[in-house]
Amino acid sequence: MENFKFEILEEDNGKRIDKYLSSLLDGKSRSYIQRVIDDGKVNVNGKIVKSNYKLKIKDIINLEIPEPTELEVIPENIPLDILYEDKDVIVVNKSQGMVVHPAPGSYNGTMVNALLYHCKDLSGINGVIRPGIVHRIDKDTSGILVVAKNDNSHNILAEQLKDHSMTREYYALVEGIIKEDEGTINEPLARHPKERIKISVVKGGREAITHFKVIERFKEYTLVKCILETGRTHQIRVHMAYIGHPLVGDPVYGYKKQKFKLQGQMLHAKVLGFIHPSTKEYMQFESPLPDYFTEIINKLKSSSL
């Protein structure tokens, strides 16, 4: 256990505590600091605070950093759909049902296990269980991810995520008919105050912006393209449910009664674009809708005739 103590000076007055601590502690991301705060390992003037706490002059912060848990992630010979690869990056088309990286209760069969078998040189920035992982998508969401093969690439790609210059377009089938042809949902997200497994719209949560555009309307459903300006956990799923159009098949935010037998939400990361870390050229990749998705769309089209 590492212990840190900080006193807030005038130049840091008004800063969010999670942003302040992550800027001081090398190798500790803002999301990591937020988890430490959620675990009650941070107090200000002797009181537990939340990640959005605004610092005041002469505040005294006490921080405990837990000892890292040593884990070994075993390379596994699992097929990967690789769209592109060079010395800096790997672009992977993830199938529905595959977990991106190991987590409690799921230490094998993940995309990271497969990547470690495929190549040994992955970025170490996110530690043992998330090597190379710049961004992630949910287990039951299919589509494109970019993985960093070295720390320099990781930092450059992460900065593009942060400044919203990375292109990320998703296709989603949602419940009901959306009347507007397009729109923007700008609602802050945070952990649900009572159901911790859920994310919800919470005043004072992290900024989250989703743009959507209607692709096609059916009798009871709408196919939409969602463009992420930010990338919060479950962002599209929560935002679409918030406006009354949850994703078809979503086991957490969707309707309890589902018309189709699905493994999970109908959400596909269809387009990913970024500036290559070394060449500085813009690259864009597109993944066709997977079979499980097109089968449902075809059924809806035939029933609409």
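The analysis underlying the following values was restricted to heavy atoms, covering all of them including side chains, and did not include hydrogens, waters or symmetry mates.
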task = State, without any angle test, whether Asn150 and Ser123 hold a side-chain donor-acceptor pair at a distance under 3.5 Å.
result = no
query = Going by heavy atoms in the side chains, are Ile74 and Asn108 under 4.5 Å from each other?
reply = no
request  = Report yes if some heavy atom in the side chain of Ile37 is under 4.5 Å from a heavy atom in the side chain of Ile17; otherwise report no.
outcome  = yes
key: Hydrophobic cluster identity match, Met240 and Ile137, side-chain contacts under 4.5 Å   = yes
task = For Asp59 and Tyr53, test the side chains for any donor-to-acceptor distance below 3.5 angstrom and give the result as yes or no.
result = yes
request  = Write down the atom of Arg206, the atom of Arg232, and the distance for their closest heavy-atom approach.
outcome  = NH2-NH1, 3.1 Å
ask   = Less than 4.5 Å apart, any side-chain heavy atom of Asp81 and any of Ser95?
value = no
key: Modelled atom types, side-chain donor and acceptor of Ser165 and Asp163, under 3.5 Å   = yes
ask   = Which atom pair, heavy atoms only, marks the closest approach of Asn13 to Leu55?
value = OD1-O, 3.2 Å
query = Rounded to the nearest 0.5 Å, how far does CD of Gln284 lie from CD1 of Ile144?
reply = 8.5 Å
remark   = Rounding to 0.5 Å, atoms OH (Tyr242) and CG (Leu189) come to a distance of 10.0 Å
inquiry  = Between Phe285 and Val271, is the side chain to side chain contact (heavy atoms under 4.5 Å, CB included) condition met? List the steps.
reply    = CA-CA 6 Å; Phe285 302 89; Val271 176; over 6 Å; no
remark   = From the list Met111, Lys94, Lys139, side-chain contact (heavy atoms from CB on, under 4.5 Å) partner of Val99 resolves to Lys139
query = Taking all non-hydrogen atoms of both residues, which atom of Ile156 and which atom of Pro277 are closest, and how far apart?
reply = CD1-O, 3.6 Å
query = Is any side-chain heavy atom of Leu247 less than 4.5 Å from a side-chain heavy atom of Tyr255?
reply = no
message = Could you check whether Asp12 pairs with Lys15 (Lys NZ or Arg NE/NH1/NH2 to Asp/Glu carboxylate O, under 4.0 Å)?
response = yes
inquiry  = Can a side-chain donor-acceptor contact be found between His276 and Asp86 if the only test is distance below 3.5 angstrom?
reply    = yes
ask   = Same cluster or not: are Ile78 and Leu83 linked, directly or through other Ile, Leu, Val, Met, Phe, Trp or Tyr residues, by side-chain heavy atoms under 4.5 angstrom apart?
value = no
request  = Applying side chain to side chain contact (heavy atoms under 4.5 Å, CB included), run through Val92 and Tyr84 and close with a yes or a no.
outcome  = CA-CA 7 Å; Val92 180; Tyr84 175 83; over 6 Å; no
request  = Kindly indicate, with the supporting measurements, whether the criterion side-chain hydrogen bond (donor to acceptor under 3.5 Å, both in side chains) is fulfilled by Thr184 and His211.
outcome  = CA-CA 4 Å; Thr184 295; His211 307 283; 2.8 Å; yes
ask   = Are Val147 and Val91 close enough, and set up right, to give a side chain to side chain contact (heavy atoms under 4.5 Å, CB included), and what steps lead you there?
value = CA-CA 6 Å; Val147 177; Val91 179; over 6 Å; no
query = With no hydrogens and no angle check, do the side chains of Gln265 and Thr141 hold a donor and an acceptor under 3.5 Å apart?
reply = yes
query = Any Lys/Arg nitrogen of Lys149 or Asp88 sitting under 4.0 Å from an Asp/Glu carboxylate oxygen of the other?
reply = no
task = Would you kindly confirm whether Ile275 and Val89 end up in one hydrophobic cluster when ILVMFWY residues are joined by side chain heavy atoms under 4.5 Å apart?
result = no
inquiry  = Any non-hydrogen side-chain atom of Val248 less than 4.5 Å from a side-chain atom of Val174?
reply    = no
message = Would you say that Phe218 contacts Leu223 through its side chain, given a criterion of any heavy-atom pair below 4.5 Å between the two side chains?
response = yes
inquiry  = Once rounded to the nearest 0.5 Å, what's the spacing between atom CD of Glu10 and atom CD1 of Ile57?
reply    = 5.0 Å
query = What do the steps show when you test Tyr170 against His268 for ring-ring contact (aromatic ring centres under 6.0 Å, His included), and what is the final call?
reply = CA-CA 5 Å; Tyr170 292 70; His268 179 68; 8.5 Å; no
key: Flag for Tyr292-Ser142: side-chain donor and acceptor within less than 3.5 Å   = yes
request  = Report yes or no: do Thr222 and Glu216 form a side-chain donor-acceptor pair below 3.5 Å?
outcome  = no
message = Under 4.0 Å between a side-chain nitrogen and a carboxylate oxygen: does that hold for Arg191 and Asp38?
response = no
request  = Would you indicate whether Lys162, at its atom NZ, is surrounded by more than 12 heavy atoms from other residues, nucleotides or ligands within a distance under 6.0 Å?
outcome  = no
task = Measure the NZ-SG distance between Lys87 and Cys119 for me, rounded to the nearest 0.5 Å.
result = 14.0 Å
ask   = With no hydrogens and no angle check, do the side chains of Asp18 and Asn52 hold a donor and an acceptor under 3.5 Å apart?
value = no
query = What is the minimum heavy-atom distance between Phe293 and Leu267, and which atoms define it?
reply = CE1-N, 3.9 Å
inquiry  = Is the positively charged end of Lys270 above the ring of Tyr171, judged by distance under 6.0 angstrom from the centroid and angle within 45° of the axis?
reply    = yes
request  = Quick one: do Val146 and His135 satisfy side chain to side chain contact (heavy atoms under 4.5 Å, CB included)? Show the steps, please.
outcome  = CA-CA 8 Å; Val146 61; His135 62 125; 3.5 Å; yes
remark   = Nearest heavy-atom approach of Ser51 to Arg16 is O-NH2, 3.6 Å
Leu80 vs Tyr117 side-chain heavy atoms within contact, under 4.5 Å = no
ask   = Does the side chain of Arg217 reach to within under 4.5 Å of the side chain of Asp181, using non-hydrogen atoms?
value = yes
key: Closest heavy-atom pair and its distance - Ala158, Val134   = N-CG1, 4.0 Å
ask   = For residues Glu187 and His239, is any side-chain donor paired with an opposing acceptor at under 3.5 Å?
value = no
